[in-house]
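Note sheet for the following structure.
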Amino acid sequence: LKSNAENNSYEMSSIEDDDNLFINGILNTYSDAFSNGRRVYKNDAFKVAYNPTDGPVADITESFLQKLFFTSSFDRQLARDLSGHKKITLAGHSQGGIIAGNTLLNLGIRGQRGVVEKAIFYNTQISAPRAYLSSAMAGVDSKFVTYGSRYFDPSNVAGPNITDPLKFLSGIPGLYLPFGVDHHGIK
């Protein structure tokens, strides 16, 4: 999807070389997804690979399964759509980061190394080593991988990270404290 500022609408768009793509997290409307994408890409043009919401229980279950089994129909389709392109920047927030990691793995398995030039992971439930490994499988140079996860982000409870157990532990009070949810967004 791409935003049409003239009439405040969204339209279907195909993926092209040099595109900046953003993948949204759970419970995001189109508007939320574009708003978060703007926070990532600032003034650069971007498109959203929109991950539709099916409600909190379904979205959280889907995220858990994507994290556990490294795949879903969404990331397989996105890998298929990206195949053959070049110089793509792929960014994901929350569940979108899980999808981005799985898409990168799928591209690597398909022999499509070098399609994605930059990978960005924001407040996702996958660990930094998994983000970097997924990126490496797709041929992304580690100096072009950005990974960010915050302490007190309540989503860290849903995505325990054995390489940084303090993030998991800090996510517990983040579930109950008013500032916790703020730590999950994109600044």
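Throughout, residue positions are numbered sequentially from 1 according to the sequence presented. Keep in mind that what you see is a predicted model, and the values were worked out from it rather than measured.
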Is there a donor-acceptor pair under 3.5 Å between the side chain of Arg39 and the backbone N or O of Phe34?
-> no
Minimal heavy-atom distance between Val140 and Ala119, with the atoms involved, is CG1-N, 4.2 Å
Just how far is it from atom CG of Asn28 to atom CG of Asn51, taken to the nearest 0.5 Å?
-> 8.5 Å
In short, Pro52 meets Phe74 closest at the heavy-atom pair CD-CE1, 4.5 Å
What's the spacing between Asp17 CG and Ile88 CD1 if we round to 0.5 Å?
-> 6.0 Å
Shortest non-hydrogen contact from Ile26 to Ser63?
-> CG2-OG, 3.7 Å
Any chance the side chains of Asp75 and Asn106 put a donor and an acceptor closer than 3.5 Å?
-> yes
Taking the six-membered ring for Trp and the single ring otherwise, decide whether the centroids of Tyr50 and Tyr30 are under 6.0 Å apart.
-> yes
Evaluate the side chain to side chain contact (heavy atoms under 4.5 Å, CB included) criterion for residues Leu82 and Leu21: first the C-alpha distance (whole Å), next the side-chain angles of each, then the deciding distance (0.1 Å), finally the verdict.
-> CA-CA 10 Å; Leu82 289 171; Leu21 293 180; 3.6 Å; yes
With hydrophobic residues grouped by side-chain heavy-atom distances under 4.5 Å, do Ile126 and Leu105 end up in a single group?
-> no
Thr103 vs Leu90 side-chain heavy atoms within contact, under 4.5 Å = yes
Approximate separation, where rounding is to 0.5 Å, of Ile99 CD1 and Leu78 CG | 8.5 Å
side-chain contact (heavy atoms from CB on, under 4.5 Å) partners for Thr61, two or more places apart = Val57, Leu65
Quick one: does Ser35's side chain have a donor or acceptor within less than 3.5 Å of a partner on Ser31's backbone?
-> no
Indicate the atoms forming the closest heavy-atom contact of Gln66 with Arg130, along with that distance.
-> O-NH2, 3.6 Å
In short, Asn24 meets Ala33 closest at the heavy-atom pair CB-CB, 3.7 Å
All N/O donor-acceptor pairs, side-chain side in residues 111-118, below 3.5 Å, sequence neighbours left out:
unit_1 : atom_1 : unit_2 : atom_2 : d
Gln112 : OE1    : Gly84  : N      : 2.8
Arg113 : NH1    : Ala136 : O      : 2.8
Arg113 : NH1    : Met137 : O      : 2.9

Can you list every ring pair (Phe, Tyr, Trp, His ring centres under 6.0 Å) pair that touches residues 77-103, not counting sequence neighbours?
-> His93-His184
Sort and list the pairs that fulfil ring pair (Phe, Tyr, Trp, His ring centres under 6.0 Å) and have at least one residue in residues 122-144, not counting sequence neighbours.
-> none
What are the two closest heavy atoms between Ser135 and Phe121, and how far apart are they?
-> OG-CE1, 3.7 Å
Can you tell me how far CZ of Arg76 sits from CG of Asp81, rounded to the nearest 0.5 angstrom?
-> 13.0 Å
side-chain hydrogen bond (donor to acceptor under 3.5 Å, both in side chains) with Ser170: which residues, sequence neighbours excluded?
-> none
Does Asp59 use its side chain to pair, donor to acceptor, with the backbone of Leu27 at less than 3.5 Å?
-> yes
Please report the C-alpha distance between Glu62 and Ser72 in whole Å, then the side-chain angles of each, then the deciding distance to 0.1 Å, and finally whether the side chain to side chain contact (heavy atoms under 4.5 Å, CB included) criterion is met.
-> CA-CA 8 Å; Glu62 181 183 52; Ser72 73; 5.6 Å; no
Out of curiosity, does Leu133 fall in the hydrophobic cluster containing Phe70 (side-chain heavy atoms, cut-off under 4.5 Å, transitive links)?
-> no
Starting at CZ of Phe22, measure out to CZ of Phe46 and round the result to the nearest 0.5 Å.
-> 8.0 Å
Sequence neighbours excluded, the answer for side-chain hydrogen bond (donor to acceptor under 3.5 Å, both in side chains) partners of Thr146 is none
CG-CZ distance between Asn102 and Phe69, expressed to the nearest 0.5 angstrom = 12.0 Å
Do Arg80 and Arg110 come close enough that some side-chain heavy atom pair is under 4.5 Å?
-> yes
Salt bridge check: are Asp19 and Lys47 linked by an N-O gap of less than 4.0 Å?
-> yes
Could you tell me whether the side chain of Asn123 and the main chain of Ser94 form a donor-acceptor pair under 3.5 Å?
-> no
